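Could you have a look at this structure, given as structure tokens, before my questions?
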2 protein chains.
Amino acid sequence: MTEPEPRVLPEATLTRLTQYLRALNAFEAQGTERTSSGVLAKEAGVNPAILRKDLSLLGSYGTRGVGYVVTELAEHINRTLGLTKDWRVAILGAGNLGRALSGYAGFASRGFKVRAILDTSTNLIGSGVGDLVVEPIGTLGEVIRREQINIAVLAVPGEAAQELIDALAAHGVKSVLSFAPRPLRIPAGMIVRRVDLSTELQILAYHAVQS
Amino acid sequence: MTEPEPRVLPEATLTRLTQYLRALNAFEAQGTERTSSGVLAKEAGVNPAILRKDLSLLGSYGTRGVGYVVTELAEHINRTLGLTKDWRVAILGAGNLGRALSGYAGFASRGFKVRAILDTSTNLIGSGVGDLVVEPIGTLGEVIRREQINIAVLAVPGEAAQELIDALAAHGVKSVLSFAPRPLRIPAGMIVRRVDLSTELQILAYHAVQS
DNA sequence: AAGTGTGAACTTTTTCACAGCT
DNA sequence: AGCTGTGAAAAAGTTCACACTT
């Protein structure tokens, strides 16, 4: 148990860890104190073996013959994922998507705080979005410093995305979630995750035609 | 060349195919007639070997020593993905996210037409969203029949998602893109893809802490 | 000469199956 | 007796490298 903890966890494992966490939170909410790989895996929709393998990558926190203590395991995954830190998010783009995201409940939970929303359009600048006011993209550097932004969400049209990624990098923001429908050149040291709605639909179309 | 075409393409291949398609469309737009695995792979941000391997799964459409004809290859990928068919989309949930999605340009392109938007809230029912009017979820079956919906987008709170999936299944809609932040029990024959924003943020947090 | 198509090697991820704790 | 933790096996996915076609 002198941990094997690898430098970096596989992407697939990370995705599953967030699902385990969600299930564990549900268990906590309903007062369940202990669980097992079988029960938890079922709740998260995965196979128990991979769950145990995933958890073994973070070190061992279960008890053989017994299972896992819900709060302990949740706490441990939280720590591993960095969810004990405070995340301050700026949303770039105050169009429909940007505004929808700024109010998205999932963002508010787990220490992700939307602290700013920016746009280029003079129509939008100055207007209110929830309890924020849309600021000009030109003030990006200032906003990042003022609010100590450490995560940015890109909800702008494809054309604008690359230059904003570069600007974010220049201002020291290293983590970006992009909704721009195009591949981006990622500056060194930056982590960009993309959510691509048209890709999702196209893959659905393929499966739908199959059946 | 009497095709090896597998019954079903790997998920990772599908994702890349949509990227190739996007790059090919850009080439078409700028009048480029031919390309090669090297050029196309660079544009799509992948390695040329996997690109050729992916394309070989759909049968061979290149010319050795020469490369690929842009329009031909695009057409071929389009056919494979089922993008020659007409896709009629209903959006379930007319909150911020649902409304943002209904106007999302990526949906309008490539034959995905948003034909209906539904909600439970009497505040929203009857209000306009783009050129659609929000209809009551209670009329789901009727709307699906009337508009011949074949893809649904779930933009509702987690609690409502499962029963809507079941209702969609009952009305013969087999393809769903879900934004609900929870795992769903998928009725037989249905394909559900999930986009989970809090999972994305949590994975970003992990990587941000790493560095 | 150039660039595809593809077996073979390699790498990563998942699943199996069981030894080892409690 | 029960359930974890984990090597070993299997499967899936990626990259290499080169024969083959134009």
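Just so it is clear, the values below take in all heavy atoms, side chains as well, and ignore hydrogens, waters and symmetry mates. Convention: sequence-line order gives letters A, B, ...; per-chain numbering from 1. It should be emphasised that the depicted structure is a prediction, and the values quoted were computed from it without experimental measurement.
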**Request:** Starting at the 5' end of nucleotides 16-22 of chain C, put B wherever the base has a protein heavy atom under 4.0 Å, S where only the sugar-phosphate does, and a dash everywhere else.
**Result:** BB-BBBS
**Asked** How many Å lie between CG on L73(A) and P on dT4(D), as a whole number?
**Response** 11 Å
**Request:** Whole angstrom is fine here: how far is it from CD1 in I50(A) over to P in dC3(D)?
**Result:** 20 Å
**Message:** Can you confirm whether E33(A) is buried at CD, in the sense that more than 12 heavy atoms of other residues, nucleotides or ligands lie under 6.0 Å from that atom?
**Reply:** no
**Message:** My understanding is that only residues two or more places apart in sequence, or in another chain, count here; which of them pass salt bridge (Lys or Arg N to Asp or Glu O under 4.0 Å) with R115(A)?
**Reply:** E147(A)
**Item:** Neighbour count above 12 (heavy atom, 6.0 Å) for R34(B) CZ
**Value:** no
**Message:** With a 4.0 Å cutoff (strictly under), does any side-chain N or O of Y68(B) reach OP1 or OP2 of dA2(C)?
**Reply:** no
**Item:** N78(A) and T84(A): side chain donor to acceptor below 3.5 Å
**Value:** no
**Message:** Near DNA chain C, counting only heavy atoms under 4.0 Å, which residues of residues 32-43 of chain B show up?
**Reply:** S36(B), S37(B)
**Request:** Grab the CG-C1' distance between L51(B) and dG3(C) for me, whole Å please.
**Result:** 12 Å
**Asked** Hey, does the side chain of N150(B) reach the backbone of R88(B) with a donor-acceptor pair shorter than 3.5 angstrom?
**Response** yes
**Prompt:** For the atom pair CG (L55(A)) and CZ (R16(A)), what is the distance rounded to the nearest 0.5 Å?
**Reply:** 10.0 Å
**Message:** Whether the side chain of H76(B) engages the backbone of L58(B) through a donor-acceptor N/O pair (distance < 3.5 Å, no angle test) should be reported.
**Reply:** yes
**Asked** Considering residues at least two apart in sequence or located in another chain, which fulfil the salt bridge (Lys or Arg N to Asp or Glu O under 4.0 Å) criterion with R146(A)?
**Response** E135(A)
**Request:** Indicate whether OP1 or OP2 belonging to dC3(D) is found under 4.0 Å from a side-chain N or O atom of Y61(A).
**Result:** no
**Message:** Quick one about T71(B) and E28(B) (side-chain donor to acceptor, distance below 3.5 Å, no hydrogens or angles considered), yes or no?
**Reply:** no
**Prompt:** What's the spacing between R99(B) CZ and D119(B) CG if we round to 0.5 Å?
**Reply:** 9.0 Å
**Asked** Considering only heavy atoms, which members of residues 14-31 of chain A lie under 4.0 Å from some atom of DNA chain D?
**Response** none
**Asked** With sequence neighbours left out, what residues match A155(A) under side chain to side chain contact (heavy atoms under 4.5 Å, CB included)?
**Response** L97(A), L101(A)
**Prompt:** How close or far is atom P of dG5(D) from atom CG of D54(A), stated in whole angstroms?
**Reply:** 12 Å
**Message:** Using whole Å, what does the distance between atom P of nucleotide dG7(D) and atom CG of L57(A) come to?
**Reply:** 12 Å
**Request:** Figure out the CD/C1' separation between E72(B) and dT4(C), and round it to whole Å.
**Result:** 14 Å
